[in-house]
Amino acid sequence: QVQLVESGGGLVQAGGSLRLSCAASGGTFSSYAMGWFRQAPRKEREFVSGISQSTHSTYYADSVKGRFTISRDNAKNAVYLQMNSLKPEDTAVYYCAAGRLVSQLRIGRMVDHWGQGTQVAVSS
C-alpha cells in the first residue's frame, strides 16, 4: 500500500514562495504518475499540476502556469511543488496524488492514492 505524506505548507504573504514536498513509501514510486491537487473552503478539489513517471511530461492548471513548478526525484521517492508569486486565491489544502496515467490524473480520474493534505494560506 502506497502512503503519501505532504509537508511544506504554511502561512506566507502574497508574492512569497513555498515548496511543498510529498514523500512516498510502500510501493514502486517510479511506476506512478504524480500530481498535486488543492481544495479551498467551500470549493471542489481541483487539479494543480502533474508529472509523468519519466518526468518528460508536466501539466499545470491555467491558474498556476508560470508560477508553480512540479518536479520529482525517483531516487528519493519524492515529488515537489515549487510555488512562487503566491496569491491569496492559492489558499487551500494541497494534496499529493499518485496514479498510473498522468493524462487521467490531470482530470482527477484513476487516482490510486491520496495524501492527507497540507494547508497553504496566503495573506494579502
Side-chain angles (χ1 to χ4, degrees):
Q1 180 72 8
V2 174
Q3 291 187 323
L4 304 174
V5 179
E6 302 94 335
S7 61
L11 174 64
V12 64
Q13 288 189 330
S17 298
L18 282 174
R19 187 190 193 215
L20 303 184
S21 299
C22 173
S25 61
T28 305
F29 178 75
S30 60
S31 69
Y32 288 95
M34 299 298 297
W36 289 95
F37 291 75
R38 68 186 181 187
Q39 187 167 19
R42 298 175 298 280
K43 290 190 176 181
E44 298 284 324
R45 186 177 298 188
E46 64 174 359
F47 170 80
V48 174
S49 183
I51 187 167
S52 64
Q53 287 86 334
S54 66
T55 78
H56 290 171
S57 298
T58 57
Y59 301 89
Y60 297 93
D62 288 343
S63 58
V64 307
K65 277 182 184 175
R67 300 188 297 122
F68 291 10
T69 303
I70 191 170
S71 62
R72 67 187 293 164
D73 186 336
N74 286 343
K76 294 184 178 179
N77 290 354
V79 62
Y80 309 99
L81 186 68
Q82 178 66 44
M83 305 187 295
N84 298 329
S85 302
L86 282 162
K87 304 176 181 179
E89 51 263 43
D90 295 318
T91 295
V93 177
Y94 283 71
Y95 297 90
C96 179
R100 296 297 182 179
L101 296 172
V102 69
S103 58
Q104 293 296 312
L105 202 66
R106 65 189 295 201
I107 56 174
R109 293 182 179 175
M110 297 175 65
V111 177
D112 293 329
H113 307 285
W114 291 98
Q116 85 289 348
T118 185
Q119 177 71 53
V120 171
V122 184
S123 62
S124 57

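Keep in mind that this is a model prediction, so the values were computed, not measured.
Listed by first and then second residue, the salt bridge (charged side-chain N to carboxylate O under 4.0 Å, His left out) pairs involving residues 78-93 are R38-D90, R67-D90 (not counting sequence neighbours). Within the structure, salt bridge (charged side-chain N to carboxylate O under 4.0 Å, His left out) contacts touching residues 71-85 (residues at least two apart or in different chains) do not occur. Counting only residues at least two apart or on different chains, no salt bridge (charged side-chain N to carboxylate O under 4.0 Å, His left out) pair has a member in residues 7-36. The side chain to side chain donor-acceptor pair (under 3.5 Å) pairs that include a residue from residues 114-124 are E6-Q116, where partners are two or more places apart or lie in different chains.
Through direct or relayed side-chain contacts under 4.5 Å between Ile, Leu, Val, Met, Phe, Trp and Tyr, F29 connects to V2, L4, V12, L18, L20, Y32, M34, W36, V48, I51, Y60, V64, F68, I70, V79, L81, M83, L86, Y94, V120, V122. With side-chain heavy atoms closer than 4.5 Å counting as contact, directly or through intermediates, the hydrophobic cluster containing L101 also holds M110.
Heavy atoms only, all atoms of each residue included: L105 and G99 are closest at CD1-N, 3.8 Å. Shown here for P88 and A14, the closest heavy-atom pair between the two residues is CD-CB, 4.1 Å.
Considering OG1 of T91 and NZ of K43, their distance stands at 10.0 Å, rounded to 0.5 Å. Note: H113 NE2 to C22 SG = 11.5 Å, rounded to the nearest 0.5 Å. Distance check, rounded to the nearest 0.5 Å: CG of N74 to OG of S54 gives 9.0 Å. Considering CD of Q82 and OG of S71, their distance stands at 8.5 Å, rounded to 0.5 Å.
S52 contributes a side-chain N or O that, together with a main-chain N or O of S57, makes up a donor-acceptor pair within less than 3.5 Å. Under a 3.5 Å cut-off, the side chain of Q104 and the backbone N or O of R109 do not form any donor-acceptor pair.
A ring-centre distance under 6.0 Å is found for F47 and F37.
The hydrophobic cluster containing Y80 does not contain Y59, counting ILVMFWY residues as joined when their side-chain heavy atoms lie under 4.5 angstrom apart, directly or transitively.
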